[in-house]
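The model shown is predicted, which means the values in this text are computed figures rather than measured ones. For this chain, numbers begin at 1 and follow the sequence in order.
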Amino acid sequence: MTTREITAARQDFRLVPAALSLWLGALAGLLFGWWAALAGGIVTMLAASFLLWRRPAGSSAGGSGWVARFRGNRWRSGLFGALLAGLVLAGPLTIRMFRAEHDPLRELAARGTSVTLRVVVAGRPKPVHSAGYADQPSSARLVVVTADVLQAEAAGGGGRVTVGSGGRVVLIAPFQQWSDLLPGQEVTSEGKLAPPRGADLTVAAVYVRGPPVNPGSAPWWQRAAESLRGGLRQASSGLSADAAGLLPGLVAGDISGLSPQVQREFTAAGMSHLMAVSGSQFAIVAGVVLLLLRILRLGPRLSALLTGLALTGFVVFVGAEPSVLRAAVMGGVGLLAMALGRRRSALPALAIAVCVLVVFDPATAVSFGFTLSVLATGGLVLLAPRWAGALIRRGVPAGFADGLAIPVAAFVVTAPVIAGMAGAISVVSIVANILAAPVVAPATVLGVVAAMLSTFWPAAAGWSAWLAGPEADWLVLLARHASRAPGAVLSWPSGWWGGFLALVAVGVLVLALHHRRLRVGLAVVLVCVLLAVVPVQVIAPAWPPAHWSFVACDVGQGDAAVLATADPGRAVVVDTGPEPGPADECLTRLGVDRVPLLVLSHLHADHIGGLDSVLAGRSVGAVAVGPGRMPGWAWRQVAEVTTRRGVPLLELAPGQRLDWPGLSVQVLGPREVSTRQLDDTDGTVINNASVVLKAVTAAGRVLLPGDVEFDAQGELLAADTDLHAEVLKVPHHGSRYSLPGFFAAVAPRIAVISVGAGNRYGHPSKSTVDTLTADGALVARTDSGGDTAVVADAQGPEVVRRGG
């Protein structure tokens, strides 16, 4: 149905009270305890009974007023539904919550007991991405696996004690050994219990170190689904790297091959929902199947049955996540309504989907994905048709009206939840989703076809994926540019208070748009804001500061530094941070699109992780390294990236001097690195092999010593190297492995520490900071100040912080 058809078919709200009662009651029970669910169920039953059977005072048999209206024939079925919902909430759901709260594993988890569990995997393992550091590359090292306990044994009393638990646990396990498990497999695991973090039915978290023991076989349909997903990944491998990772995400929600940078860009652009399988993918699949069946002239009942089977297979293919199940149940109810010839099915289908899913798994009540999915669908059903109709009455073509109303309605209803959850609002999401809409359907259909063909005709699957490549590339390009637009993401208070503020703001905006006088007032306010803010941002932007010479980018626990030349947009870059994205975004904020030289001080992950993203879309003259070639995986990665990007790779040596207009860079170290040391994978040896640079800038001399520690610092001092500089990038993120004599030789006025907030290494060391401060240096940190710039001033270098 189009938005106009939905408008023509008056919506049926009768099942909404039942859905809200179950959802809110389950939510209260999970947040506050089983007694809240019981109380919610009782209140719902009493309210429904009151409206069904109480006669209003002084009224006739039919009654009048609001009570009588609810007692009318049209609402009686809805009230009986609410009564049933209250009964289910106060009965089965309360009992499940009570059992989960009193599961014996909860008490053992509070004591950190070691256990042996036999479990059945309930969902696909979800990787936990970790930024690279030292010799550990940026990768997924852990997976989170949801599982249901079949048997449990706990350590106690000098032996093993059987625990009578049938609850749900979350396994936190090694990625390499657990990532290939499929739902339905039985496995044995040994680990240590910990209390659960989420407000759901999980009774414990289990930290697992070893591999799964005695894994059983997954059901055949799960094996078939994994084969299809693997076939889709293989068919997509011939596309560009970003498109190859995105296409399985669009079709099946499989983002295992998608880079963290692209994921962040889609989130900032408000397009991340495209990679979370929900109603849009089901609508596309169902629409294509129904179109084919209509061409074959099959009847509505047979068409509904065959489409339902297709959607069931699609659920197995993509995995039974809450948003997937919501869309599947709603689609099934909608197909049933179509088979029965009913048109007013959209809202009842959504209500039934909520009821079924909350009863099936009460934990969906606290799922942000489920909430966003339901709200977006509700906006599509209730708001988009009205707004599209209003646009059509004002002369907007029907297709454009639908294309504009749908993303706007989805944004309006989901913005408060997203703001409270993420502490940010994407102001470019509406435009980005309008521009993305035309290619989502063909990319999804071609991806599904590629997955199906991959089982018996891999070549044809590759062709189908190749046809979907341009659409995927367009989405990546769109997300990248949208996320980099000035003010693309606005900071917002997080939590319940932030969500409430966003709800008030959205309500005021919608109210203003519905009344002419308020629209005029809103327009005046917006004009005043634009006149006050835009000239300041355009004429004298807060960032980057004028005459900046050196910037330490806030890349988390890693290094990325930028040295300006006299040519605007041209700068030398030293290191690229621990992962793709942050260094690239820092350069974009600085307006740097030409990099004559990119230096990697050494090959630890927190210095090379963002290399590919920095090279993308920029003119880079060369990538320079020192004599170190360890760790081996890092050297191979650097060589592969530079070769693929067509950027020369060269080696720097002490004594070299490199000059650009307004910038001169001298290579001071490493002084000596033996072959034996290069073959050593010890982190200290690799740190001491760092390239040490001294730059002469408009703001003064800047010393960039990489991560050199005691030995390398001592060699520089012993060689009587001139280390004096006005600005010091403090080595090794401010660790304690620095000589006081090294700091005294540099004698910096400004010491910049590139460090990640809340890192687990204890950086920066208090002793290091105290030594620098005692020597008279101003200490600036990226974890608290964000991007940190040094600017030239008549009185000497000054620090400007962008804000953490």
Side-chain angles (χ1 to χ4, degrees), residues 486 535-555 559-575 577 582-583 585-592 660-666 692-706 722-731 733-734 738 742-757 763-764 768-804:
V536 175
Q537 294 295 320
V538 174
I539 298 173
W543 192 265
H547 310 301
W548 66 274
S549 295
F550 165 77
V551 170
C553 297
D554 179 14
V555 293
D559 270 4
V562 189
L563 296 165
T565 70
D567 299 331
R570 190 177 186 214
V572 171
V573 177
V574 182
D575 293 327
E585 294 162 5
C586 176
L587 292 175
T588 300
R589 289 191 292 266
L590 294 172
V592 174
W660 296 272
L663 176 66
S664 177
V665 176
Q666 183 181 2
V692 180
L693 302 176
K694 185 176 181 180
V696 179
T697 72
R701 292 160 293 186
V702 180
L703 185 67
L704 300 167
D722 181 12
L723 299 174
H724 182 64
E726 284 73 28
V727 181
L728 169 66
K729 196 286 296 181
V730 180
H733 322 294
S738 284
F742 177 79
F743 292 147
V746 180
R749 296 179 60 177
I750 297 171
V752 180
I753 303 176
S754 181
V755 64
H763 295 163
T768 297
V769 175
D770 290 344
T771 300
L772 290 165
T773 304
D775 290 343
L778 169 66
V779 176
R781 300 167 46 166
T782 59
D783 59 342
S784 57
D787 295 347
T788 302
V790 176
V791 301
D793 185 78
Q795 305 301 320
E798 290 190 352
V799 170
V800 178
R801 300 174 177 88
R802 180 171 176 266

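For the salt bridge (charged side-chain N to carboxylate O under 4.0 Å, His left out) test, no residue two or more places apart in sequence or in another chain qualifies with Arg749. Applying the salt bridge (charged side-chain N to carboxylate O under 4.0 Å, His left out) rule to Asp775 yields no partners; only residues at least two apart in sequence or on another chain are considered.
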Item checked: His763 vs Thr768, side chain to side chain contact (heavy atoms under 4.5 Å, CB included): CA-CA, chis, key distance, verdict -> CA-CA 9 Å; His763 295 163; Thr768 297; over 6 Å; no
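The two residues Phe743 and Ser738 have their closest heavy-atom pair at CZ-CB, 3.5 Å. Minimum interatomic distance between Phe742 and Leu703 (heavy atoms only, all atoms of both residues): CZ-CD2, 4.1 Å. When all heavy atoms of Ala583 and Val555 are compared, the closest pair comes out as N-CG1, 3.7 Å. Of all heavy-atom pairs between Thr782 and Ser754, the closest is OG1-CA, 3.5 Å. Counting all heavy atoms, side chain and backbone alike, Gly734 lies closest to Ile753 at N-CG2, 4.0 Å. Ala560 and Gly577 get closest at one heavy-atom pair: CB-N, 4.0 Å.
The CG atom of Leu663 sits 9.0 Å away from atom OG of Ser549, with the distance rounded to the nearest 0.5 Å. To the nearest 0.5 angstrom, Arg781 atom CZ is 10.5 Å from Arg801 atom CZ.
Two residues are said to be in side-chain contact when any heavy atoms from C-beta on lie closer than 4.5 Å; Trp543 and Val800 meet this criterion. Two residues are said to be in side-chain contact when any heavy atoms from C-beta on lie closer than 4.5 Å; Val790 and Val702 fail this criterion. Residues Val572 and Val562 fail the side-chain proximity criterion, which asks for heavy atoms closer than 4.5 Å. With a 4.5 Å cut-off on side-chain heavy atoms, Val692 and Leu704 do not count as touching. Inter-residue side-chain proximity for Pro748 and Ile750 is flagged as unmet; no heavy-atom pair is nearer than 4.5 Å. For the pair Val573 and Leu587, the minimum side-chain heavy-atom distance is below 4.5 Å. Side-chain atoms of Phe550 and Thr697, non-hydrogen and from C-beta on, never get closer than 4.5 Å to each other. Leu728 places none of its side-chain heavy atoms less than 4.5 Å from the side chain of Val752.
With hydrogens and angles disregarded, a donor-acceptor distance shorter than 3.5 Å links the side chain of Thr788 to the backbone of Gly786. One N or O on the side chain of Asp787 and one on the backbone of Asp554 form a donor-acceptor pair closer than 3.5 Å. Under the 3.5 Å distance criterion, the side-chain polar atoms of Glu726 are matched with a main-chain donor or acceptor of Arg701. For the pair Lys694 (side chain) and Pro705 (backbone), a donor-acceptor distance under 3.5 Å is absent. In this structure a side-chain-to-backbone donor-acceptor pair under 3.5 Å is present from Asp722 to His724. Panel note: side chain Thr565, backbone Arg570; a donor-acceptor pair is recorded below 3.5 Å.
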